[in-house]
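The structure appears below as structure tokens.
The figures that follow rest on heavy atoms only: side chains count, while hydrogens, waters and symmetry mates do not. Per chain, numbering begins at 1; letters A, B, ... match sequence-line order.
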Amino acid sequence: MDALNVLRAHRYPRVTEEIPEIIEMVKGLVDKGYAYSVDGDVYYRVNSYADYGKLSHRTLEGMMAGIRVEVDQRKEHPMDFALWKSAKPEEPSWESPWGPGRPGWHMECSAMSLKYLGETLDIHGGGFDLVFPHHENEIAQTEAYTGVTPSVRYWIHNGLLQLGDEKMSKSLGNLVTVKEALASYSPDALRLFFLSSHYRSPLTYSDEAIQSMERGAARLRNAVESPSQSGDSSAEVSPDVRRKQFIEAMEDDFNTPQAIAALHDLAREINRGKHNGAGTLSAVETLKELAGVLGLTLKEPLAEAPLDSSALRELVQSIARDLQSSGLDALAESLGGIHVADEAGPDAYIEALISVRGELRKAREWGLADNIRGGLAELEIALEDTPQGSLWKRS
RNA sequence: GGCGACGUAGCCAAGUGGUUAAGGCGGGGGUCUGCAAAACCCCUAUUCGGCGGUUCGAAUCCGCCCGUCGCCUCCA
């Protein structure tokens, strides 16, 4: 998660450390008549809470109609759900007023959010698959217990990530882990992928889609590289329109696809400005800032990865041989000097190759020059010839 | 069976009543370059799953149908 540039939470409470709070809350619900105990289980009395179903737009009648499984006859109402479950043999359990047992599924969230975040949360997130029953029951428990409504001001339910034609889920076992995804794609590309559709829409994980985001990430990255100073005064690319566009998109229920479009628009204007000799300093700063809002780093994904020094050295040696056999001894020697110097880092090899290639280009030795570019490309080092000289980057 | 979400170009994806249907990827053409790369310019949906309806006007509202996904039981 860190690698994806996801911020850490301030607290990571554990259910097993919050058992007393949970028991207290269950007890409170029983005392207030919202729950009852049967044989060591405690059930929530759904009929006791008038608003039950308000989140998922369900009615008890409607849910009854859909019941397909056998109903536990001990429950007053088929939709009553467990707040506390008596322990089965072999299961971890805690002592409670109702005997040894463990919390029901929804209870932990109510108890912990109440303890750490208070009676009303501004925003509660979660996947769409949790709307019912989990969040519905959470509301019922918390609001019945505190008497405060609403317990949550905004629910942010995200569409589910699909792999193929099913939701990606731990229990189905059809997972692509973050770690696996990061092995193939940059964090920025993955973030762009997730943000490329509205958070409420379902999203299908596909290599094709993420690869296209990798290209898009590179485009934004290129735009913030080497901003141009406004040459003689006149034109400075203004980011104001795009900033406004970005903010409006985000304020509209986090319309990240539109926000990203604003980023791309700004990138184009920056590139155009560079082309026309306009200053792009503040536009580039703005692009970085807005991209940062989306958690994009705009860093080269491989910038931190070590270069393959020995492969580079081999390339230097092989190029030196080619130069010699072409009778370009002076150049061969300047390269030779580099690879003998053992302490030369990989950067030095690359710089030396670029400088030799520059000489070859002056001498119109295109074949040899292209061999250098091709050799570096095989090591995933891309060259770009600019008026200011040749630049290299990891590709 | 009940409830809900979704279906827009080759692909991804905004737009939810009215000027030319965002943006990205891919593709085609051009500029720059020794050639590339990067970048820029132009083109790439007369049409929004289908059929009806409402309206002066609909991708956008209503109805039906088709397709996909989720929830409706345990577990988290």
Side-chain angles (χ1 to χ4, degrees), chain A residues 15 53 55-59 61-72 78-79 81-82 85 103-106 108-109 126-136 157-162 164-171 189 192-193 195-198 200-223 225-226 242 245 249 252 255-276 360-367 369-370 373-374 376-377 381-387 390-393 395:
Chain A
V15 178
L55 177 70
S56 54
H57 310 290
R58 288 165 201 247
T59 58
E61 302 75 60
M63 288 186 274
M64 296 294 293
I67 282 200
R68 295 173 135 180
V69 290
E70 214 177 315
V71 172
D72 184 339
M79 298 313 295
F81 56 92
K85 298 183 180 192
W105 165 27
H106 322 291
E108 69 212 42
C109 292
F128 257 113
D129 52 347
L130 296 179
V131 171
F132 188 89
H134 186 234
H135 292 154
E136 192 67 61
H157 285 116
N158 56 279
L160 303 181
L161 184 59
Q162 291 178 214
D165 51 14
E166 282 183 311
K167 75 166 174 176
M168 199 185 273
S169 93
K170 222 190 294 183
S171 47
L192 277 176
F193 170 65
L195 299 173
S196 70
S197 84
H198 187 88
R200 274 190 270 106
S201 304
L203 191 59
T204 302
Y205 186 97
S206 83
D207 290 306
E208 192 192 3
I210 304 176
Q211 254 149 24
S212 83
M213 295 305 155
E214 198 73 76
R215 299 297 308 271
R219 178 179 152 75
L220 295 176
R221 208 151 52 224
N222 286 331
E225 265 174 18
S226 49
R242 261 58 259 213
Q245 185 184 338
D252 182 15
N255 194 328
T256 51
Q258 272 183 359
I260 291 170
L263 259 34
H264 279 291
D265 287 338
L266 183 54
R268 188 187 321 105
E269 283 156 11
I270 288 169
N271 289 330
R272 197 186 291 156
K274 282 183 192 168
H275 197 73
N276 299 335
L360 288 168
R361 293 178 69 213
K362 271 187 213 159
R364 310 183 72 80
E365 293 281 356
W366 309 126
D370 289 351
R373 185 169 63 198
L376 286 172
I381 294 161
L383 292 189
E384 286 180 25
D385 298 334
T386 75
S390 298
L391 305 174
W392 66 274
K393 62 167 75 170
S395 60

Can you tell me the distance, in whole Å, between the [atom1] atom of [X] and the [atom2] atom of [N]?
X: L383(A); N: rA37(B); atom1: CG; atom2: P; result: 13 Å
X: N222(A); N: rA39(B); atom1: CG; atom2: P; result: 5 Å
X: E136(A); N: rG4(B); atom1: CD; atom2: P; result: 13 Å
X: M79(A); N: rU73(B); atom1: CE; atom2: C1'; result: 10 Å
X: L130(A); N: rC3(B); atom1: CG; atom2: P; result: 22 Å
X: Q211(A); N: rG10(B); atom1: CD; atom2: P; result: 21 Å
X: R364(A); N: rA36(B); atom1: CZ; atom2: P; result: 15 Å
X: E214(A); N: rA38(B); atom1: CD; atom2: P; result: 14 Å

Taking the [atom1] atom in each of [N] and [M], what is the distance between them to the nearest angstrom?
N: rU47(B); M: rG10(B); atom1: P; value: 12 Å
N: rC12(B); M: rC74(B); atom1: C1'; value: 37 Å
N: rC32(B); M: rG17(B); atom1: P; value: 47 Å
N: rC25(B); M: rU31(B); atom1: C1'; value: 22 Å
N: rG24(B); M: rA38(B); atom1: P; value: 15 Å
N: rG50(B); M: rG67(B); atom1: C1'; value: 11 Å
N: rG4(B); M: rA9(B); atom1: P; value: 27 Å
N: rA21(B); M: rA58(B); atom1: P; value: 14 Å

Provide the closest heavy-atom pair for [X] versus [Y] in the form atom of the first, atom of the second, distance.
X: S196(A); Y: P257(A); answer: O-CG, 3.4 Å
X: G216(A); Y: L192(A); answer: C-CD1, 4.2 Å
X: M213(A); Y: A189(A); answer: CB-O, 3.5 Å
X: M79(A); Y: F132(A); answer: CE-CZ, 4.0 Å

E384(A) or D129(A): which one's nearest nucleotide on RNA chain B is closer to the 5' end?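 The residue closer to the strand's 5' end, by nearest nucleotide, is E384(A).
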Closest-nucleotide mapping onto RNA chain B: is F128(A) or E208(A) further toward the 5' terminus? I mean the 5' end. E208(A)
Can you tell me how far [atom2] of [Y] sits from [atom1] of [X], rounded to the nearest 0.5 angstrom?
X: Q245(A); Y: Q258(A); atom1: CD; atom2: CD; result: 7.5 Å
X: E269(A); Y: K274(A); atom1: CD; atom2: NZ; result: 13.5 Å
X: I381(A); Y: W392(A); atom1: CD1; atom2: CH2; result: 6.0 Å
X: I260(A); Y: L220(A); atom1: CD1; atom2: CG; result: 8.5 Å

rC35(B) base / D385(A) side chain donor-acceptor hit below 3.5 Å: yes
Looking at rG34(B), does its base get a donor-acceptor pair with the side chain of D370(A) below 3.5 Å?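 Yes, the side chain and the base share a sub-3.5 Å donor-acceptor pair.
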Give one of base, sugar-phosphate or nothing for H134(A), where a contact means two heavy atoms less than 4.0 Å apart. nothing
May I ask which nucleotide in the shown strands pairs with [N], Watson-Crick or G-U wobble, both distances under 3.5 Å?
N: rU68(B); value: rA5(B)
N: rU16(B); value: none
N: rU33(B); value: none
N: rU47(B); value: none
N: rA21(B); value: none

Verify the contact: side-chain N or O of [X] to OP1 or OP2 of [N], cut-off strictly under 4.0 Å; return yes or no.
X: R272(A); N: rC41(B); result: yes
X: T204(A); N: rU68(B); result: no
X: N271(A); N: rA38(B); result: no
X: N276(A); N: rC40(B); result: no

Side-chain donor or acceptor of E384(A) paired with backbone N/O of L391(A) under 3.5 Å: no
For nucleotides 18-24 of chain B, print each protein N/O atom paired with a nucleotide N/O atom at under 3.5 Å, atom names and distance only.
unit_1  : atom_1 : unit_2  : atom_2 : d
rG24(B) : OP1    : R268(A) : NH2    : 3.3

Can you name the residues that form a ring pair (Phe, Tyr, Trp, His ring centres under 6.0 Å) with H264(A), not counting sequence neighbours?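 Expected list: none.
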Of all the choices, rG15(B), rC72(B), rG34(B), which nucleotide is nearest to the side chain of R373(A) once you look at every atom? rG34(B)
